[in-house]
Amino acid sequence: MKQIYLSTILLAIFLLTNVNITAQEQKKTTSVNINSEELFEKLMSSFNPNWKVEEPAPTDYPTYYGGSFIDNNGKFVVCVVGNPAQHRPTISSILGTNDFLTETCTYSYREMMQVMDKIDAFLSNSSIPATHPFLTYFAGTAADVFENRVVVRLTEMNDVAIQAFKRDISNSPVVMFEKGEMPVM
């Protein structure tokens with residue numbers, strides 16, 4: 001009987017310790033995520049103090065900035081065009097810390113936003129007929145920080161639509177096309 005009692009106590013201690021460790025790890029992860037979110041907000045505010053209420057202009061973003069994200073470990077990552085070591089001191093000064101990662105990318109967020117603005121202007125132009133080859137297959141668009149590209153989704157990968165996009169909107173290498181569905185409203 002004493003052995004069962006002792007085993008039960010040891011099991012309870014193990015479970016409580018395990019729960020406590022899990023809670024501490026969860027608290028640490030939450031703390032890292034909150035810190036990363038604060039770093040993101042600091043960086044965005046340095047580009048445009050009103051970024052939460054108005055879309056920053058493409059020129060608000062520095063030419064070295066390629067976007068940012070929080071990785072799977074909760075660390076804040078800043079994508080940098082060119083040599084990250086060259087821009088790290090500037091970013092560190094903005095953030096007030098060195099507790100972030102950098103990653104090299106090809107295209108600046110400014111370039112991506114300039115293309116997004118061209119797409120928006122095209123889509124809002126009422127003189128463009130609904131039968132335009134691009135509009136016929138258009139499913140959506142997004143600036144994808146992980147791909148470091150502007151992704152244009154087409155309901156069907158159609159060469160005529162792609163060529164119409166390149167001719168009438170943008171022939172920038174920052175654009176990539178992929179098959180996608182129309183968003184459900």
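Keep in mind that this is a model prediction, so the values were computed, not measured.
A cation-pi arrangement, defined by a distance under 6.0 Å to the six-membered ring centre and an angle within 45 degrees of its axis, is present between R88 and F100.
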Can I get a per-line list of side-chain donor-acceptor pairs under 3.5 Å for residues 114-121, giving both atom names and the distance, sequence neighbours left out?
none

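Considering only heavy atoms from C-beta on, L101 stays 4.5 Å or farther from V78 through its side chain. E103 has its side chain within reach of F69: a pair of non-hydrogen atoms, C-beta onward, lies under 4.5 Å apart. Looking only at side-chain heavy atoms (C-beta outward), V81 and T106 stay at 4.5 Å or farther from each other. Taking the side chain as every heavy atom from C-beta outward, C79 and V145 approach each other to under 4.5 Å. Looking at heavy atoms from C-beta onward, M113 lies in side-chain contact with Y61 at the 4.5 angstrom threshold.
Screening residues 142-155 for salt bridge (Lys or Arg N to Asp or Glu O under 4.0 Å), with sequence neighbours left out, gives R153-E178. Residue pairs meeting the salt bridge (Lys or Arg N to Asp or Glu O under 4.0 Å) criterion with at least one partner in residues 155-170, sequence neighbours excluded, do not occur; the list is empty.
S93 contributes no side-chain N or O that, together with a main-chain N or O of P89, makes up a donor-acceptor pair within less than 3.5 Å. A donor-acceptor pair under 3.5 Å is absent between the side-chain atoms of S46 and the main chain of I94, judged by distance alone. Between the side chain of D71 and the backbone N or O of N73, at least one donor-acceptor pair lies under 3.5 Å. Put simply, the side chain of N158 gets close to the backbone of A161: a donor and an acceptor are under 3.5 Å apart.
If you look at F122 and H132, their ring centroids are closer than 6.0 Å. Between F40 and W51, the gap from one ring centroid to the other is short of 6.0 Å.
Using a 30° and 60° split on the angle between ring planes, F165 and F134 fall in the tilted class, from 30° to 60°.
Judged as a side chain to side chain donor-acceptor pair (under 3.5 Å), and not counting sequence neighbours, E55 has no contacts. For N48, the side chain to side chain donor-acceptor pair (under 3.5 Å) criterion is met by E54, D60, not counting sequence neighbours. Looking at residues two or more places apart in sequence or on another chain, you find a side chain to side chain donor-acceptor pair (under 3.5 Å) between E111 and S108.
Looking at Y107 and N148, their side chains never bring a donor and an acceptor atom within 3.5 Å of each other.
Here CG of L95 is found 10.5 Å from OG1 of T90. Values are rounded to the nearest 0.5 Å.
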